[in-house]
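So the structure is just underneath, and the comments pick up after that.
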Amino acid sequence: MKRIVALLTIVAMCVTLLAGCGGGSGSESPAPAAEEKGDAGSGEAAGAEEKTEASANTGKTYEVALSTPNMDGTPIANACYWFAEEVNTRTNGQITVNVFSNSALGAQKDMFAQLSMGGVELVADGTLVVDYYAPEYGFLAAPFALTGRDHLKALIDSPIFEGFQEKLAQSNILMGGVTVKASRKLCTAEKYIYDGSNASQMVIRTPDNSLYVKAWEAVGASVQVLGGGEVYSSIQTGVINATEGDWSQLNQMKMAEVAKYLYETAHVTEFGSIFISKDWYDSLPEDLAETVMSTAKEAMDRATEEAEAMDADHLKSLQEGGMEMVEIDPKPMFDAVAPVWKEMYESTWTAATYDEVMSYAK
């Protein structure tokens, strides 16, 4: 992709030089530069700029990249392929979207950096964008900060989330719809009933995310930061006795072979989106921009529906593999973490207060 961009830049420079030397009048004139715009308009995406007459469709074609860390067959990856096909169809071939799944173009942090700088046009990913570009909204991504899917959905429809999108727009990032992923749950090798005093019995794997580490340490567990590929062997050898994830992740990691118990803790529910380069979006003719945004929203709605159905199927597979669902009241865990998060609201999560965020809990 970088080579293509570099080549196009060189070609554009050559065309400009030829035009300055009195190039042939039969050559097509370059498209006019996008006009500077004032306040954000009432477009479909928070932070998107209002289109002007200069954005009329001239028939120009676009070939862009859509990068995602999600593997083929997952709800977001499936939504990406559907989005690419639909955009091409709905724009009559003016926009071609090439999907690169499973981090084929690079790590998540690098892709968001490229998106922010305009090096890539589209990235389908999740809540890591909060850490990178809007840490004051960290409550949107922290374990035990929201009470579940309904809480997150209510926040997505709130002024708080609108402010979050406006914050991303300052870094050249728009959100093309929102998908609500399946909630993450607890999985253990030994039966575990949390009563506030026996958390030290749990040695849990978390991803390399400081919020996850803080949350589980507040619960009282010992934490081991491990890559997803290390979980199976670490439980098998006793390095850890617990992990967490949605049912799909736990099933794909073959937890039924090394662990026994499942718990519906729903301690974190993440969102995802097709994130769009604001500069690229604002450069599009109005009709193409509207098509990209509306199709992205449809794609994310499809991902939400598929995630719900797929999660239920994976839970059934885990139970058929011999795993047992243990009834647990996760509220004491949430209560144990609340003081830590209240401090975060005072120091870092300054976009809203604890009470404001919790007022959306259902």
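Below, each value reflects all heavy atoms present in this structure, side chains not excepted, and no hydrogens, waters or symmetry copies.
The shortest side-chain heavy-atom distance between I95 and L288 falls under the 4.5 Å cut-off. Contact annotation: the side chain of F83 never approaches that of R302 to less than 4.5 Å [non-hydrogen atoms, C-beta and beyond]. Looking at heavy atoms from C-beta onward, W216 lies in side-chain contact with E244 at the 4.5 angstrom threshold.
Listed for the Y133 side chain is no donor-acceptor partner under 3.5 Å among the backbone atoms of I173. Between the side chain of E356 and the backbone N or O of T353 there is at least one donor-acceptor pair closer than 3.5 Å. Checking side-chain atoms of S116 against main-chain N and O of A113 turns up no donor-acceptor pair under 3.5 Å. A side-chain donor-acceptor contact under 3.5 Å links N172 to the backbone of D279. Of the possible donor and acceptor atoms, none in the side chain of H267 sits under 3.5 Å from a partner among the backbone N and O of T147. Checked by atom type and distance alone, the side chain of W82 never pairs as donor or acceptor with a backbone atom of A303 at under 3.5 Å. The backbone N or O of W280 sits less than 3.5 Å from a side-chain atom of S283, completing a donor-acceptor pair. Under a 3.5 Å cut-off, the side chain of T96 and the backbone N or O of E63 do not form any donor-acceptor pair. Between the N70 side chain and the C80 main chain, no donor and acceptor come within less than 3.5 Å of each other.
The minimum heavy-atom distance between Y281 and I276, with the atom names listed, is CB-CG2, 3.9 Å. Closest approach of A65 to E121, counting heavy atoms only: N-OE1, 3.0 Å.
Annotation: side-chain hydrogen bond (donor to acceptor under 3.5 Å, both in side chains) contacts involving residues 123-132, sequence neighbours excluded, comprise Q108-D125.
Remark: R90 engages E298 in a salt bridge, criterion side-chain N to carboxylate O under 4.0 Å.
In this structure, a donor-acceptor pair under 3.5 Å is present between the side chains of Y232 and E257.
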